[in-house]
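Have a look at the structure below, then the notes.
In the text below, chain A, chain B and the rest are named by the order of the sequence lines, each starting its count at 1.
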There are 4 protein chains.
Amino acid sequence: MARNVIKDQQQRELRRNQILTAAASVFTKRGVAVAKISDIATEAGLSYGHVYNFFESKEEILTVLVQSSQERYTELLKEARVGSGTVIDKLRWLISQYMHSSRTGTMYWVVLQAQATEVLSPEEKEAIHRNVHLNRDLLADILRDGQAEGTIAEGNPVELATLLLTLFHNTAMWEYRGFGEPSDLVIDIMLRLVVNNPSK
Amino acid sequence: MARNVIKDQQQRELRRNQILTAAASVFTKRGVAVAKISDIATEAGLSYGHVYNFFESKEEILTVLVQSSQERYTELLKEARVGSGTVIDKLRWLISQYMHSSRTGTMYWVVLQAQATEVLSPEEKEAIHRNVHLNRDLLADILRDGQAEGTIAEGNPVELATLLLTLFHNTAMWEYRGFGEPSDLVIDIMLRLVVNNPSK
Amino acid sequence: MARNVIKDQQQRELRRNQILTAAASVFTKRGVAVAKISDIATEAGLSYGHVYNFFESKEEILTVLVQSSQERYTELLKEARVGSGTVIDKLRWLISQYMHSSRTGTMYWVVLQAQATEVLSPEEKEAIHRNVHLNRDLLADILRDGQAEGTIAEGNPVELATLLLTLFHNTAMWEYRGFGEPSDLVIDIMLRLVVNNPSK
Amino acid sequence: MARNVIKDQQQRELRRNQILTAAASVFTKRGVAVAKISDIATEAGLSYGHVYNFFESKEEILTVLVQSSQERYTELLKEARVGSGTVIDKLRWLISQYMHSSRTGTMYWVVLQAQATEVLSPEEKEAIHRNVHLNRDLLADILRDGQAEGTIAEGNPVELATLLLTLFHNTAMWEYRGFGEPSDLVIDIMLRLVVNNPSK
DNA sequence: CATGAATGAGGCTTCATTCAT
DNA sequence: TATGAATGAAGCCTCATTCAT
């Protein structure tokens, strides 16, 4: 009997996403280098051998995961920039989105390991590096907008961006470090880093 | 004869420290889970078998390294608190010390991996967790001092401490992420997070 | 209705032969142990799962292939023996047939692997061995005929047969070894091995 | 205590040769693709993990083995050419050496598998091919010498060489095919292929 | 009949750790 | 003390085979 090709495709896509989701979870909880393919398979609810019908290797899973996470973040940054309100409002929205989006938030830890560790080949690390810089520059652009409109403090926008992202990216890791989940209130404190203080 | 014993002891201590230094370097560059004992031995300039005359296991090396790094940081925090000047001055000194001390600075990356990854046993991770909280509380104490003297902004001192350390700890990792070495100027920007702004 | 059953049977036989032909090709090109069921299925133009509707296992495909090749060779030998002309003529015809029949020729390489390798069980190997000896003996019979008629040199006919078959069987492998396709002229050279040289 | 460096070197060389010898044996008996590293290790009398302290991979073992076997054969051919007596004598010596040298003789089967099978990469196969042709040409040179001295039959020397080597190489495999060990008498029969028959 | 999703046995390879020298 | 040979647990990956559709 012939198969239902369309349903097969959907099922396949579903499986693939299950694996990616499971991988994100396992990479986050156990660490990228420590995570086993069989851990991922178990978490995804399939046999370890089947994972290889979707991905070439553990490395590829990591690469795909990091790439898509970085792309999603890029979209978020672009969306933030064209949003409404002052740049401060935009940043508040951006950070809130970042911290609450389960994917982006927890994925920072995975990206960090992929970038600062030798689990991937130099070429793959280089690609990640490029995207990290791209995204930093997008954040810097937003800050530059804010300096133009007077809501963001003076200073090298790239440096300010680096500081700001260092802060809110890592805040998303608080729960993994036993610091508890950060409240939304911390966003305003973070923004003190870059907000223009007219009183000085 | 007695002389030799003492010299032997010193020699042994020297070797041990060479290994620890090498381990810190290799753990930082390659990643804790990826690092091989033979990498460490090579970097330390001895044979891999000899490493086991100083440490029980790779796990022990990591544990000792993390522990001593955390203790050094504890000392730094205590020293900062009893320093001279306002709390702002003390924080400036603290962060500067943290970022420039090659040991403390790069060790954050190792501690982070040890804490948020399953390379160590739950018990060992628990010990690290305790020290992380201890140190955060010490930083919070300093901030509380500052709130009392009026130089630090209002707000939950533990939360402020968590934000501040999240920022300056991770700034020490900039070079591993391709963000370049942070200048001393960033310290004042970081402090905007917690400094009291009397103009409001 | 009855028609359909017959047609189905033919269709099934066709499929089966496609698989065997594909298997012969893949076994020859890639090696028996290296060949994958999916390689064979692809070459035969069907899905890998479907192969199991015709054969129990990879082992069975190989066994059937070898068996039928050996049987065909047996037929060839019998046909040669009852042919017309001198034994020299018969051998010339036999070798020519062997080398040009795509099946017999390339199949020698498969049989050799099956016989001298542990891809098959000892029992299956034993069966192949028996057929190999059977066929050698048939060739020896032909040589004996030739000795009787005076066209074949003296000597142990089994030994002569073994030498002769060693030569022409392996000549069929020249193209796989980069020696190019042998010309028909080589047959007469081969026959020097066994031809009676009245001049001595 | 310092090690005995010289003895270590010798021991290491010994081990390496044990592995190669074991590999030749296992590859011959079980088949190159079927042979397991652990089979080789067991036969060599060491643990499977230790094999990797001498060779990168199973592929490398095979390559080294084939290469050295081909080189040994090249030497044999060169030695034969400069030997004493007629070319017929030289060939008799050559074939006898080939068939009795346990290494060269049984290694043909391994070389054949490596050359006609996809266990090695195309590059490695290409290198083997080159050596096979080189050695065939050396044999052709000897035959050409014989044609000059009148002891070898007319005809394309490369073709004659190919036929002759096809015969005596594969004769070395008789025992693996259940044909029993060939007697020395067969050598003279083999030589009929190429010997000049003055009577014609 | 046909397809390819799914499983898991089994081989390859790495590397922490032990131990003879 | 110092070296590196030796071991084998454990993870990666392949692919024959099964089975739902």
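Side-chain contact annotation: C:Ser57 with C:Glu59, donor-acceptor N/O pair under 3.5 Å absent.
Two residues, D:Gly49 and A:Glu59, neighbour DNA chain F, and the one matched to the more 5' nucleotide by heavy-atom proximity is D:Gly49. Residue-to-nucleotide proximity on DNA chain E shows that, of C:Phe54 and A:Asn53, the 5′-proximal contact is made by C:Phe54. Closest-nucleotide positions on DNA chain E for B:His50 and D:Lys58 were compared, and the one nearer the 5' end corresponds to D:Lys58.
Note that CE of B:Met173 and OH of B:Tyr108 are 7.0 Å apart. Values are rounded to the nearest 0.5 Å. Annotation: the span from A:Asn17 atom CG to A:Ser68 atom OG amounts to 9.0 Å, rounded to 0.5 Å.
In the set F:dA6, E:dG8, F:dA9, the nucleotide with an atom closest to the side chain of D:Ser47 is F:dA6. Listed nucleotides: F:dT17, F:dA6, E:dC12. Nearest to the side chain of D:Tyr52: E:dC12. In the set E:dT7, F:dT17, F:dT3, F:dT17 carries the atom at the smallest distance from any side-chain atom of C:Ser57.
Atom CD1 of D:Ile6 is separated from atom P of E:dT21 by 18 Å (rounded to the nearest Å). Between D:Glu13 atom CD and F:dA5 atom P the separation is 13 Å, expressed in whole Å. The distance from atom CD of A:Gln9 to atom P of E:dG4 is 10 Å, rounded to the nearest whole Å. Following rounding to the nearest Å, B:Arg12 (CZ) and F:dT1 (C1') show an atom-to-atom distance of 9 Å. Between the CZ atom of C:Phe55 and the P atom of F:dA16 there is a distance of 15 Å, given to the nearest Å. Rounded to whole Å, the distance from OH on C:Tyr48 to P on E:dA5 is 6 Å. Between the CD atom of C:Glu56 and the C1' atom of F:dT17 there is a distance of 11 Å, given to the nearest Å. Distance, D:Leu46 CG to E:dT18 P: 21 Å, rounded to whole Å.
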*Test side chain to side chain contact (heavy atoms under 4.5 Å, CB included) on B:Phe27 and A:Thr117 and set out the steps.*
CA-CA 9 Å; B:Phe27 284 159; A:Thr117 262; over 6 Å; no
*Check the pair C:Thr63 / C:Ile128 against side chain to side chain contact (heavy atoms under 4.5 Å, CB included), numbers first and verdict last.*
CA-CA 9 Å; C:Thr63 304; C:Ile128 296 173; over 6 Å; no
*Return one dot-bracket line describing DNA chain F 5' to 3' (Watson-Crick or G-U wobble pairs, both distances under 3.5 Å; ( ) same strand, [ ] crossing, | another strand, . none).*
.||||||||||||||||||||
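In this structure, the side chains of D:Val64 and D:Arg16 come closer than 4.5 Å at one or more pairs of heavy atoms.
B:Lys125 contributes no side-chain N or O that, together with a main-chain N or O of B:Val119, makes up a donor-acceptor pair within less than 3.5 Å.
Ion pairing between A:Glu43 and A:Arg30 fails under the 4.0 Å rule for side-chain N and carboxylate O.
If you check residues 16-40 of chain B against DNA chain F, you find no residue with a heavy atom closer than 4.0 Å.
Residues satisfying the ring-ring contact (aromatic ring centres under 6.0 Å, His included) test with A:Phe54, not counting sequence neighbours, are A:His50.
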